[in-house]
Structures are given as structure tokens and as C-alpha cells.
Amino acid sequence: MATASDIEKAAEVLRAGGLVALPTETVYGLGANAEDPAAVTRIFQVKGRPPSHPLIVHISGAEHLDDWVEEVPATARLLAEDFWPGPLTLVLRRGRRVPLEATGGLETVAVRVPDHPVALALLSAFGGGVTAPSANRFGSVSPTTADHVRAELGDAVDFVLDGGPCGVGVESTIVDVTGETPSILRPGGVTRENLEAVLGCPIEVPSTSHVRVPGQHPSHYAPRARVVLVEPEKVVAEAGHAQELGHQVGVFLPPAFADAPVKAHAVVALPESMDAYARGLYGFLRELDQQGCDLIVASLPAEKGLGLAIANRLRRAAGPRSYE
């Protein structure tokens with residue numbers, strides 16, 4: 001686990017224009033000084049991320065929000081008061097401190113306050129904002145442990161802060177608050193129901209948006225194995241069919257079918273709790289990759305609560321790929 005000296009060393013790396021992998025409650029991030037265009041550009045290079053895909057600026061507290069955005073609408077302040085620190089990202093008009101390299105050339109910026117003691121200690125020690133997308137190659141499975149970061153990015157990261165396994169396990173919810181009504185651009189660790197309870201009104205989850213945000217590429221969060229999505233009651237049959245075709249099949253087995261016999265190379269018995277499922281999702285995908293699966297058969301959970309975020313990630317992991 002990261003020590004006080006580790007955190008100070010990481011802050012020095014950021015000041016020098018280096019890259020630091022840091023833990024958050026959602027996933028591990030690949031961090032750079034948000035005000036250093038060269039350092040921000042290096043994030044894109046290390047990840048292989050298209051420069052048009054904006055990054056999230058992490059700050060140490062809601063009291064610093066005005067430093068990074070042009071204006072803060074009342075809705076944004078309300079959401080920040082209720083959900084920060086936490087897995088909620090707000091999209092606002094870009095302030096002068098934020099270079100266009102960090103926003104993908106947009107005049108909007110995504111900002112959040114992470115709910116992790118190591119991340120908050122680093123932000124406090126550094127004294128500025130840190131851009132930090134997930135610390136993995138673009139489009140692949142997000143890391144939820146320091147070992148995941150080291151295995152995927154290796155020496156491309158100047159310093160890795162180990163904060164243990166991530167407690168939420170899926171990325172933050174991204175909410176656009178630049179218009180008249182807020183909307184969810186990416187489901188995540190704060191549920192739609194949480195947001196509606198605070199706002200006192202329904203909140204939309206549009207399938208497309210003119211505002212570009214992280215994690216919405218057609219194929220994203222993807223393991224090496226192809227992911228096939230079917231109805232829950234068809235998971236066992238689909239796995240058997242694919243295995244007969246010669247695939248090394250991994251299965252996400254829904255709790256309702258935990259006792260069903262499955263013909264597959266490897267099986268992940270999914271937990272009943274959506275919290276536990278979200279926390280373990282990326283680890284499950286990595287596990288099936290490591291076991292040599294070339295195909296993963298899964299179903300979408302009910303799209304309420306954290307199930308909405310899990311379903312979003314599974315759809316992106318599946319992407320447009322087929323297997324027959």
C-alpha cells in the first residue's frame with residue numbers, strides 16, 4: 001500500500017511532467033498534470049488513445065471546482081455537494097486552466113473528486129488538477145488493482161501508487177450539466193436512481209450525444225476474448241453450442257442458473273449483489289482471458305441501479321464483433 005513518502009514521490013513525478021498510476025474508488029487512473037499539455041499528450045501516446053477522446057480532470061474538493069470551469073450552474077453545485085467525493089463526473093464549460101489537449105479539443109471539461117484516500121492525498125500534495133483516464137491500453141479492460149496496471153503498461157508509467165483493489169469497480173457516472181436539463185452520458189458508480197432522488201426529476205440516458213465523453217467508443221472495456229451477449233436463459237445453451245464449434249468458452253453464469261451443468265472451458269459464477277458484480281466485473285473478464293478463453297458468453301443484468309452501468313460495459317465489451 002502507498003505510504004506518505006510514495007505519495008510525495010508521485011507528486012514530484014507529476015510536477016516534473018511524468019505519469020502516475022493512481023487508485024480511485026472506481027478504477028486505477030493514468031494521471032498527469034492537467035495544466036501541462038505535453039504531459040497530457042503523453043497519456044494519449046501511452047494508452048494509444050485517440051486525441052479526440054476527452055479526459056477527466058480530478059480535483060481534491062468541490063471548493064476548487066470554480067478554478068477549472070467557466071461557470072458552475074446550481075444543478076452542478078447540488079450534485080457536487082451530494083456526491084463528491086464519489087464516482088460522479090460533471091461535464092461543464094472549460095475554464096482557462098484546462099488545455100484543449102485534455103478536452104479532446106472541446107470547450108467542455110469533465111471534472112470529478114475521487115473517493116479514495118490515496119488519490120485525495122496525492123491531489124492535496126500535488127496542489128493541482130490531475131487528468132486521469134483508466135490506466136490501460138485504449139479500449140481494453142480497465143484495471144482495478146495496481147498489478148493490472150503494471151502488467152499492461154509496465155515501464156510506460158513513471159510511478160505506480162498501490163491503493164489496493166478498487167471498491168466500486170466500474171467507472172464514474174458522467175452527467176452533462178451544460179444544458180437546461182442534466183443527462184447521463186455514461187452510466188457508472190452513481191446510479192440513475194441516486195441522481196433522480198437528489199434532483200427531484202427524471203434524468204435521461206441518451207443513446208447518443210453531441211458531447212464526447214470517455215468510454216463510449218463502439219468497442220471499449222474489451223477483453224482479448226470476444227464477448228457474446230444473449231438472454232439469461234440462453235447462456236448455458238449458447239456456451240455449449242460455441243464449445244462444440246471449437247471455441248474455448250468462458251461463461252458468466254447468472255445466479256438463477258448457478259446449479260445448471262455448463263459445457264465450457266471456464267465458468268464465472270456471478271454474485272447476486274450488483275455491488276459485488278460491478279466490483280468484480282473487470283477482474284472476471286481478465287480472469288477468463290488468463291484462462292485462455294477466446295469467447296465469453298454473458299447476459300445483461302436488469303438495467304436498474306448498478307445494473308445499468310454493468311450492462312453498458314458489457315455492451316461496449318461485446319462491440320460489433322461476432323464469432324460464427
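Since the model is a prediction, treat every value here as computed from it, not as a measurement.
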How close do [X] and [Y] get, counting heavy atoms only, and between which atoms?
{"X": "T75", "Y": "P182", "value": "CG2-CG, 4.2 Å"}
{"X": "F257", "Y": "P232", "value": "CE1-O, 3.6 Å"}
{"X": "G163", "Y": "H116", "value": "O-NE2, 3.2 Å"}
{"X": "P206", "Y": "L185", "value": "CG-CD2, 4.4 Å"}
{"X": "A2", "Y": "D6", "value": "CA-OD2, 3.5 Å"}
{"X": "A278", "Y": "I310", "value": "N-CD1, 3.7 Å"}

**Item:** Intermediate values then yes/no, side-chain contact (heavy atoms from CB on, under 4.5 Å), R286 and E152
**Value:** CA-CA 11 Å; R286 288 176 180 273; E152 186 154 355; 3.4 Å; yes
**Asked** Are L100 and I43 co-members of a hydrophobic cluster defined by side-chain heavy atoms under 4.5 Å apart?
**Response**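 No; tracing contacts between hydrophobic side chains, which count when under 4.5 Å, never links both residues.
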**Ring centroid separation Y282 to H148 under 6.0 Å** =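 When the ring centroids of Y282 and H148 are compared, they turn out to be at least 6.0 Å apart.
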Do the side chains of [Y] and [X] get nearer than 4.5 Å, heavy atoms only?
{"X": "I203", "Y": "R192", "result": "yes"}
{"X": "L88", "Y": "L195", "result": "yes"}
{"X": "N136", "Y": "Y28", "result": "no"}
{"X": "F252", "Y": "P301", "result": "no"}
{"X": "V149", "Y": "L30", "result": "no"}
{"X": "L55", "Y": "R49", "result": "yes"}
{"X": "T144", "Y": "P165", "result": "no"}
{"X": "P73", "Y": "L92", "result": "yes"}

[X] side, atom [atom1]; [Y] side, atom [atom2] - distance, nearest 0.5 Å:
{"X": "I7", "Y": "F126", "atom1": "CD1", "atom2": "CZ", "answer": "14.5 Å"}
{"X": "L295", "Y": "H265", "atom1": "CG", "atom2": "NE2", "answer": "12.0 Å"}
{"X": "E8", "Y": "T3", "atom1": "CD", "atom2": "OG1", "answer": "10.5 Å"}
{"X": "L120", "Y": "E25", "atom1": "CG", "atom2": "CD", "answer": "8.5 Å"}
{"X": "T108", "Y": "E70", "atom1": "OG1", "atom2": "CD", "answer": "11.5 Å"}
{"X": "E233", "Y": "E238", "atom1": "CD", "atom2": "CD", "answer": "12.0 Å"}

**Asked** Between D66 and R77, is there a side-chain N and carboxylate O pair less than 4.0 Å apart?
**Response** yes
**Asked** Could E101 and R94 be called an ion pair, given the rule that one side-chain N must be under 4.0 Å from one carboxylate O?
**Response**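 Judged by the 4.0 Å cut-off on N to carboxylate O distance, E101 and R94 do not form a salt bridge.
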**Request:** Check whether more than 12 heavy atoms from other residues, nucleotides or ligands sit under 6.0 Å from atom CD of E204, and answer yes or no.
**Result:**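 No.
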**Message:** Could you check whether atom CZ of R93 has more than 12 heavy atoms from other residues, nucleotides or ligands sitting under 6.0 Å from it?
**Reply:** no
**Prompt:** R150 and side-chain contact (heavy atoms from CB on, under 4.5 Å): which partner among V160, V157, D155?
**Reply:**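 In the set V160, V157, D155, the residue that makes a side-chain contact (heavy atoms from CB on, under 4.5 Å) with R150 is V160.
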For a quick check under 3.5 Å, do [X] and [Y] share a side-chain donor-acceptor pair by atom type?
{"X": "D275", "Y": "S273", "result": "no"}
{"X": "S60", "Y": "S124", "result": "no"}
{"X": "T24", "Y": "R112", "result": "yes"}
{"X": "T145", "Y": "D147", "result": "no"}

**Request:** Assess whether side-chain contact (heavy atoms from CB on, under 4.5 Å) is satisfied between V118 and D162, documenting all intermediate values.
**Result:** CA-CA 8 Å; V118 174; D162 191 343; over 6 Å; no
**Request:** Show the numbers, then the answer: is there a side-chain hydrogen bond (donor to acceptor under 3.5 Å, both in side chains) between S172 and T89?
**Result:** CA-CA 6 Å; S172 61; T89 294; 2.7 Å; yes
**Request:** Apply the test side-chain contact (heavy atoms from CB on, under 4.5 Å) to residues R42 and D158: give CA-CA distance (whole Å), side-chain angles for both, the deciding distance (0.1 Å), then the verdict.
**Result:** CA-CA 11 Å; R42 191 173 159 216; D158 299 310; 2.7 Å; yes
When you measure from the side chain of [X] to the backbone of [Y], do you find a donor-acceptor pair of N or O atoms at a distance under 3.5 Å?
{"X": "Q243", "Y": "V249", "result": "yes"}
{"X": "N33", "Y": "R15", "result": "no"}
{"X": "H58", "Y": "P114", "result": "no"}
{"X": "D289", "Y": "R224", "result": "yes"}
{"X": "R137", "Y": "G48", "result": "no"}
{"X": "D294", "Y": "Q248", "result": "yes"}
{"X": "K304", "Y": "T191", "result": "no"}

**Prompt:** Does the side-chain contact (heavy atoms from CB on, under 4.5 Å) test come out yes or no for T173 and F83, once each step is laid out?
**Reply:** CA-CA 11 Å; T173 303; F83 296 109; over 6 Å; no
